[in-house]
Amino acid sequence: MNKFFLYNTLSRQKEVFKPKFENDIRMYVCGPTVYDHPHVGNARPLIVFDLLFRILQKLYKSENVTYVRNITDIDDKIIETSQKQNIEIGQLTKIVTKYFHDDCLYLGCLNPNVEPKATEHISEMIELTKKLIELNYAYVESGHVYFDVMKYEDYGKLSNKKIDELVAGSRVEISEIKKNPVDFVLWKPSTDQEPGWNSPWGKGRPGWHLECSAMSEKYLGKEFDIHGGGLDLIFPHHENEIAQSNCANSTDSFAKYWMHNGYVTVNKQKMSKSLGNFITIDELKSKYDGQVLRLAMLSTHYRQPFDWNDKILEDAKKILGKWYEFYSQETIEINEENLNPLLDDLNTPLYISNLHSLYDKASKGDRQSAMQLSSSCKLIGLFNKDLETWSSSTISKLIDENEIKNLLHERNIAREQKNFAKSDQIRELLNSKGIAIEDKDGKTNWKYK
RNA sequence: GGCCACGUGGCGGAAUGGUUACGCAGAGGAUUGCAAAUCCUUUUAUUCCAGUUCGAUUCUGGACGUGGCCUCCA
């Protein structure tokens, strides 16, 4: 096997991937906070880390790879949304989790091995907090528990930040009861209107970063291989996770490789809920097969920004339509040459360009290339449905098939009579209904555009 | 203000110290009643300025520009 390179945010360079444990690859990816429909920006880490999961499974065998992706179902945004929409929290998180799962399915993502929910791990979080207090990394103040950032000398290592500079920037939450403005909350009190759990510090709820530390430890151990998420999680989320976990466990590595996907942008600006420039994954379903979005996203390297526009999807749709000509149920081993770009920090654009060349060869009748193409598509999560399902997906039928056949018959009579004005008129009519026709070898074929 | 990333042809997007990926679009041709599809051929690029070098788009420094993080965010 060739070396597998991954870019590690911690070292800011590509490193050779060396598993911590033989035949036991462990990867954790930050999942959604379930308060609203996932948007296209959220789709990116889903697709990128699904790809990584698939590659790891290929390199190390499926049974040797554990992929954990959490669901954060307790959070202030959730509380806020539930109050605004006047819906019970449990109900809200259940509904949004369902949306999320539907979207994952649409995008053709494999299920993680474990998908732990924060609310089902409150006791683990309380234990972790207790431990941090015992070890003097955290302190209790009026029902709050804070992590004492000054006690952890490596704080800022991942995000390349200096504590004094963070303090100087006045954007951190100023609070009377914190020792230091950069200290972050591990546990906070809840009012009667807010969800809460009993704890040694009174009824309350966990702070944001705690769930990932607690749940990654439970399912992957104190140290594991890969921790992933979007670029915007580097600070403070991942930085704080590192602080919590390393201090509680007296480790210094926690996750060995930190991987972050770039943003989806709109006119070069980050797609985000707060800017309102987002489009939900759900909105695409009526128009495009999920594979189209997957291919479009993978045609940009995962660390580069992915600028959103309609053309990208149209391009991807066309390409997939072409490639599907060589869809095969059978799967063969992928040539090393074809696989290699993926081993270089998931260079999917280069990988995809090879697929184009396989397509060219396949078109010229090379069966081996056709098989390579089909199998290579499957490796990155494409071709997840057969030709027929693909062809009939996402089509809005404006015209009945019988009617199409009648019109084509009529048109061909007109053509025989050399009444081309009439035949062109019928073609235009069908065209307006989303039907493209091709006269080929004396026959007329039609398809949905 | 601190820190970070990025700047490649009309668009998208890789790679590389020297031989100009790839896709879409465009142009020409074959084919067609005309188209479509397909096939063949083909034009166009490395933000700017210094430096290192025989040679830089690639390395170094600077300028300009864009975006991001420093507050919730994938």
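Chain A is the first sequence line, chain B the second, and so forth, proteins listed ahead of strands; every chain is numbered from 1.
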Could you check which residues of residues 373-384 of chain A get a heavy atom under 4.0 Å from RNA chain B? Sort them by number, please. none
Base-paired stems that RNA chain B participates in, counting runs of 3 or more Watson-Crick or G-U pairs under 3.5 Å: B:1-7 with B:64-70, B:10-12 with B:22-24, B:26-30 with B:38-42, B:47-51 with B:59-63
Tell me, please, which residues at least two apart from A:Phe306 pass ring pair (Phe, Tyr, Trp, His ring centres under 6.0 Å). none
Ring pair (Phe, Tyr, Trp, His ring centres under 6.0 Å) partners of A:Tyr351, counting only residues at least two apart: none
Going by salt bridge (Lys or Arg N to Asp or Glu O under 4.0 Å), name the residues that satisfy it together with [X], two or more places apart in sequence or in a different chain.
X: A:Lys188; answer: A:Asp76
X: A:Asp282; answer: A:Lys285
X: A:Asp225; answer: none
X: A:Asp344; answer: A:Lys14

Please list, for nucleotides 40-43 of chain B, all pairs of protein and nucleotide N/O atoms separated by less than 3.5 Å.
residue	atom	partner	partner atom	Å
B:C40	OP1	A:Lys364	NZ	3.2

Test side-chain hydrogen bond (donor to acceptor under 3.5 Å, both in side chains) applied to A:Thr348 - qualifying residues, sequence neighbours left out: none
What string of B, S and - do you get for nucleotides 27-37 of chain B, 5' to 3', when a contact is any protein heavy atom under 4.0 Å? ------BBBBS
Which residue pairs pass the side-chain hydrogen bond (donor to acceptor under 3.5 Å, both in side chains) test when at least one of the two sits in residues 78-88 of chain A, sequence neighbours left out? none
Considering only the P atoms, how many Å lie between B:G23 and B:A14, rounded to the nearest integer? 15 Å
